[in-house]
Amino acid sequence: MSRELAKTYNPGEVEDRIYRFWLDGKYFHAERDPQKKPYTIVIPPPNITGQLHMGHALDETLQDVLVRWRRMQGYCALWIPGTDHASIATEAKIVEAMRREGLTKEQIGRDAFLERAWKWKEKYGGRIVEQLKKLGSSCDWDRERFTLDEGCSKAVREVFVRLYEKGLIYRGKRIINWCPHCKTSISDAEVEFSERDGFFWHLRYPFKDGSGYLELATTRPETMLGDTAVAVHPDDERYRKFVGKTLILPLVGREIPVIADEYVERDFGTGVVKITPAHDPNDFEVGLRHHLGVINVMDDAGNINENGGKYAGMPGLEARKKIVDDLKEQGYLVRTEPIKHNVGACYRCGTIVEPRVSKQWFVRMKPLAGPAIRAVQEGKTKFVPDRFAKIYYHWMENIKDWCISRQLWWGHRIPAWYCRDCGETVVAREAPRVCPKCGGTRLDQDPDTLDTWFSSALWPFSTLGWPDKTPDLDYFYPTDTLVTGYDIIFFWVARMIFSGVEQMGDVPFHTVLIHGLVRDEQGRKMSKSLGNGIDPLQVIGEYGADALRFMLATGNSPGNDMRFSDDKVQASRNFANKIWNAARFIRMNLEGHETENRLPETLALEDQWILDSFNNTAKEVTDNLEHFELGIAAQKLYDFLWDEFCDWYIEISKIRLNSGDEAEAQSARRVLVWVMSSTMQLLHPFMPYITEEIWQALPHGGESIMVSRWPEFDEAHCFPEAAEEMHRIMDAVRAVRNRRAEMNVPPSRRTHLYLAAASPETFRKGTPILKRLAWANKVEIGKEFRLDGAVTIVTPDAKLYIPTDELVDRKAELARLTKELESAKKQQATAQAKLRNQQFLAKAPANVVEGVRQNAAKLAEQIALIESGIREMK
RNA sequence: GGACGCAUAGCUCAGCUGGUUAGAGCGCUCGCCUCACACGCGAGAGGUCUUGGGUUCGAGUCCCGAUGUGUCCACCA
């Protein structure tokens, strides 16, 4: 802590220095320790293309809270950091950069392209890592990994080969989603559907024999170039007679059959569907059932290809226009109907996806999904909140094969080679020299790379050294908690689960903690296009990392979205400042005194109370953390520190500190130090910097709060009676303050205070507190007082009088007492009704009944007191 | 079409397994430069917990329905 003890906390002065201190101390580094239980988190690797955004900030904060807490609890806590090569996103950026130079991928070739990509990675990949550090993340940077590094690549090849050998990876011509902009296939999960305006074009296809037409409708007329049949429902009376007949495809002239298939909905449109197996997933299935031809009419850029006759070379939309015109001209267009329909777009670039038949690699999902579903059902992996398990089940149960090959260069190249001589496919961990079938040496590796998510699916074990049998893998796997947003359950979480179960024989993590999105102040999603994103680094610069972290951890609950607002960060910043000043106060009072962080032998009433309260707080906070209720834990710490410790305990401690009695003062100092420093420990996971700074500035043992022992509930610090007594005194103080405020008496005006209570002992002990906090210059305590013209104040345990006759408005005072009486009577009636209720007495638990009984008794007393006050007023 | 979330003070949100008079932050009102802090202190106002049923001795909390709102999945051409 700086010598000057600035009035306000200056995070900028503290953060970098402390982070460096932690790094130098190697506190983030985890080494296997058989004496300790492991606690492991793997980071959701941010894309190397990325910049830190609020979503990351939230995600990292939650992970850091958990890791720091477990580390303090004595676990061997490991948080593995790393980044994702983000195949499609990175490649797009590099292609774009090259475009500005007037270059294309194809021009410079694969090797040169990859060289550029790696350079790009070196340049920008580290950026986000540095940003993560600004948040205070306690990752083990010695273990930083990259999805495309040597080890991860080895894991990828191993998994690919294993799955291939088990028949779970195959290559085939299937219909896939094609992005004409990225020029690659993408998986089903990577297509985003949205409703758009479109048209329903009603066409008629003539029968070959000239006996008329069949009318049908389509939203994509250009695909008609690839039609190989027209289908109707087998039970549709209207069309049954046409099944088996032949139609002439307009514009193309191809003869196509009318087939019957149950896929057709009789009630939709005309009940007749054109079948384009090459460009529609459902049509593809129909085609398989009926052995129809598959005519691909589109190239990889979305233009009509050579199969499109006179339309060849036209971009899809242009062809659509021309085809509609031609159909109209030739009398095949019946009508055009505007409709809204859902269109799939590439989740990376937003381009409309074209379903297209193409030869790709797939993972056979059904056999992998079963065990992955069971693992969650058996509770091996739990979702928090658990409703997300349902989403997971639903997805897994309806899963289709996963298209994993991408027509990209930046990524893990598919470990498959094709023999030029005999056509054999060789899938191997390392490049084969000769073809195992024909002995030929001319082998070409598949040019495609794997879906980025293929490698991230292996992250929880590839980062621990798999496929080698490493001691780390043995010790740290399965990991404990995975923290991520709900938007990524399908892409990543589900795939990690089936990969872990399949490859490791065990789930990759025990708990998935799901959080929501950080939205802007108005509740909108933060996005680049809206320009409403808020830069966490800027917030850190302005308010400090602790304030940002605290704000992100508070005021929301798992799985729900939250709104970011400057006001909230300011509130957290103010909290940091409050902490800072409490510490500053304690430090000031320690000056010139040797004070240990050890509680005194004898404890005053207020000491017992604050220890009791701290004890409960420690217990509850720990409990909340166990249940992933981070927001509640943070809130409790906020309340304890601000409302109890600062507002009451510190104020009360001033009595002894300034008493002139050195023994008393020293006793107070010790309690202040102990409670403050212990509270810093509880708060450390949330606000690591300021707590470290303060902890070190107070008397302490050990080098860093980071590795200090997490405070635990301590039987020896239970003082329920003292707490009860303190609450009575505090009630009295509050009641006096309340009255004085109502009467507009400034604190500078000190008054006499008479206090009558059935058990005056408590208040005798509390006299100095009443004097100081209730602004009394003299307190008299007794069983009964008879005063003329005094203000009467009633609490559940005492009756107080302030003889300030001249200040009192008798009428107002009477009205106030009457109101208070009414309220007390109302409460009493409720309690009495319960006690009269035989059902309640019989069925409610004893402690609840007892509570109500006590409450009723107290209310009766209070009512009597108020009533006597009213009598006296009159 | 299917599934799910949310609806609590003017605003943003907590409220775990049902149990005294429902909480916080911000905002608002009143009063304070009280020797740690005006990024503060003290006091206060403000809620029929969306709605209709039900279960229970007791419901913001559990069940069923309605309304509003948001999200995800499916993708009938």
Side-chain angles (χ1 to χ4, degrees), chain A residues 5 7-9 193 200 216-220 223 231 263-265 267-270 272-276 280-283 341-344 385 387-388 390-391 394-395 398 486-487 489-490 516-517 521 523 543 547 551 554-557 559-563 565 567-568 570-589 623-624 627 629 631-632 635 638-639 646-647 650-651 654 658 734 737-742 744-748 772-773 775 823-824 826-827 830-831 834 837-845 847-849 851-852 854-856 858-859:
Chain A
L5 293 171
K7 269 188 165 187
T8 49
Y9 171 59
F193 285 91
F200 221 13
L216 49 82
T218 178
T219 53
R220 294 189 300 153
T223 62
Y263 150 70
V264 181
E265 294 275 333
D267 302 334
F268 190 85
T270 57
V272 183
V273 189
K274 66 190 226 22
I275 300 296
T276 323
D280 183 280
N282 291 307
D283 292 6
H341 62 146
N342 274 336
V343 177
R387 63 184 143 94
F388 288 103
K390 268 189 223 164
I391 294 177
H394 183 258
W395 190 74
N398 296 291
Y486 57 68
D487 51 334
I489 292 176
F490 304 138
L517 266 41
E521 204 149 4
Y543 300 108
M551 178 262 158
T554 335
N556 73 320
S557 48
N560 293 329
D561 290 354
M562 67 185 303
R563 293 188 197 203
S565 81
D567 283 354
K568 287 190 200 171
Q570 272 176 30
S572 298
R573 185 273 316 266
N574 293 353
F575 180 48
N577 196 238
K578 186 73 184 175
I579 300 167
W580 180 256
N581 274 290
R584 204 159 70 95
F585 170 80
I586 295 171
R587 286 259 306 186
M588 280 169 60
N589 281 284
D623 200 55
N624 289 139
H627 293 95
E629 297 159 350
I632 299 175
Q635 186 63 48
Y638 182 99
D639 291 344
C646 288
D647 287 352
I650 284 188
E651 289 309 317
K654 289 174 183 171
N658 301 331
R734 265 189 287 256
R737 284 170 171 176
N738 176 342
R739 185 58 34 78
R740 289 176 55 118
E742 278 176 15
N744 284 330
V745 186
S748 52
R772 184 174 181 98
L773 300 191
W775 305 292
S823 156
K826 214 165 127 191
Q827 285 173 51
T830 316
K834 278 189 183 176
N837 184 339
Q838 290 306 318
Q839 300 271 32
F840 174 71
L841 296 176
K843 293 191 181 177
N847 63 325
V848 173
V849 176
V852 174
Q854 278 178 15
N855 190 32
K858 233 171 205 182
L859 283 165

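Residue numbers begin at 1 in each chain, while the letters A, B, ... track the order of the sequences. Just so it is clear, the values below take in all heavy atoms, side chains as well, and ignore hydrogens, waters and symmetry mates. Because the structure is predicted, anything quoted here is derived from the model rather than measured.
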Rounded to whole angstrom units, what separation is found between the [atom1] atom of [X] and the [atom2] atom of [N]?
X: Arg740(A); N: rG31(B); atom1: CZ; atom2: C1'; answer: 11 Å
X: Lys843(A); N: rU55(B); atom1: NZ; atom2: P; answer: 13 Å
X: Asp647(A); N: rA24(B); atom1: CG; atom2: P; answer: 13 Å
X: Phe575(A); N: rA24(B); atom1: CZ; atom2: C1'; answer: 13 Å
X: Lys578(A); N: rA36(B); atom1: NZ; atom2: C1'; answer: 8 Å
X: Lys834(A); N: rA59(B); atom1: NZ; atom2: P; answer: 9 Å
X: Gln635(A); N: rC26(B); atom1: CD; atom2: P; answer: 11 Å
X: Asp561(A); N: rU69(B); atom1: CG; atom2: C1'; answer: 13 Å

Any strand is fair game: report the nucleotide pairing with [N] by Watson-Crick or G-U wobble, both distances under 3.5 Å, or none.
N: rC35(B); value: none
N: rC57(B); value: rG19(B)
N: rG25(B); value: rC11(B)
N: rC30(B); value: rG42(B)
N: rG68(B); value: rC6(B)

Please give the distance between the [atom1] atoms of [N] and [M] as a whole number of Å.
N: rA77(B); M: rA66(B); atom1: C1'; value: 36 Å
N: rG46(B); M: rA3(B); atom1: C1'; value: 38 Å
N: rU50(B); M: rA14(B); atom1: P; value: 14 Å
N: rU48(B); M: rC6(B); atom1: P; value: 22 Å

Can you tell if the side chain of [X] reaches within under 4.5 Å of the side chain of [Y], non-hydrogen atoms only?
X: Phe840(A); Y: Val852(A); result: yes
X: Gln635(A); Y: Ile632(A); result: no
X: Arg220(A); Y: Thr276(A); result: no

Counting the atoms with a prime plus P, OP1 and OP2 as sugar-phosphate, which does [X] contact under 4.0 Å by heavy atoms, base, sugar-phosphate, or nothing?
X: Arg737(A); answer: sugar-phosphate
X: Pro845(A); answer: base
X: Ile650(A); answer: base
X: Asn847(A); answer: nothing
X: Ala844(A); answer: base
X: Gly269(A); answer: nothing
X: Lys274(A); answer: nothing
X: Arg734(A); answer: sugar-phosphate
X: Val852(A); answer: nothing
X: Glu651(A); answer: base
X: Asn855(A); answer: base
X: Thr219(A); answer: sugar-phosphate

Taking the nucleotide of RNA chain B with the nearest heavy atom to each, does Glu629(A) or Lys390(A) sit closer to the 5' end?
Lys390(A)

Here's a test of your reading of the structure: between Asp267(A) and Arg387(A), which maps to the more 5' nucleotide of RNA chain B?
Arg387(A)

Any donor-acceptor N/O pair, [X] side chain to [Y] backbone, under 3.5 Å:
X: Arg737(A); Y: Leu773(A); result: yes
X: Arg772(A); Y: Lys654(A); result: no
X: Asn398(A); Y: His394(A); result: yes
X: Asn556(A); Y: Asp561(A); result: no
X: Lys568(A); Y: Arg563(A); result: yes
X: Asn855(A); Y: Gly851(A); result: no

In terms of side-chain heavy atoms of Ala741(A), which of rA77(B), rC39(B), rA43(B) is nearest?
rA43(B)

Expected rows: protein N/O vs nucleotides 72-75 of chain B N/O, under 3.5 Å:
unit_1	atom_1	unit_2	atom_2	d
rC75(B)	OP1	Lys400(A)	NZ	3.1
rC75(B)	N3	Asn342(A)	ND2	2.7
rC75(B)	N4	Asn342(A)	ND2	3.3

According to a strict under-4.0 Å criterion, is Lys7(A) in side-chain N/O contact with OP1 or OP2 of rA38(B)?
yes

